[in-house]
Amino acid sequence: MTGTAPDQRPDEATLAFLRSVFAPEWREPPLGRDGVSAWESEHGVVLPEPYGP
């Protein structure tokens, strides 16, 4: 497949719902490119876009 991936961010209603069902202590900031690369290396996998670096 060619081209760029579409924006995968959920709409605000979905985000509000997810925030309501997951307690704050379960929420973590995004890993970022370096964090995703480290996770991939640690687990021996390559995640598809939009996760991978």
Side-chain angles (χ1 to χ4, degrees):
M1 189 156 109
T2 61
T4 59
D7 183 7
Q8 297 293 315
R9 184 172 174 80
D11 61 40
E12 286 304 316
T14 301
L15 290 173
F17 169 75
L18 291 170
R19 289 183 193 110
S20 74
V21 295
F22 290 100
E25 60 269 14
W26 283 80
R27 298 181 224 154
E28 297 181 16
L31 292 176
R33 290 190 180 274
D34 291 340
V36 170
S37 292
W39 189 93
E40 289 175 327
S41 294
E42 181 181 336
H43 296 280
V45 298
V46 176
L47 297 173
E49 288 294 333
Y51 304 101

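Listed here is the closest heavy atom pair of Arg27 and Arg19: NH2-O, 2.9 Å. Val36 approaches Leu31 most closely through the heavy-atom pair N-CB, 3.9 Å.
Under the rule for a side chain to side chain contact (heavy atoms under 4.5 Å, CB included), Ala16 has no partner lying at least two apart in sequence or in another chain. Under the side chain to side chain donor-acceptor pair (under 3.5 Å) criterion, Asp11 pairs with Thr14, sequence neighbours left out. Qualifying side chain to side chain contact (heavy atoms under 4.5 Å, CB included) partners for Glu28, counting only residues two or more places apart in sequence or in other chains: none.
In this structure, Phe17 belongs to a hydrophobic cluster whose other members, linked by side-chain heavy atoms under 4.5 Å apart, are Leu18, Val21, Phe22.
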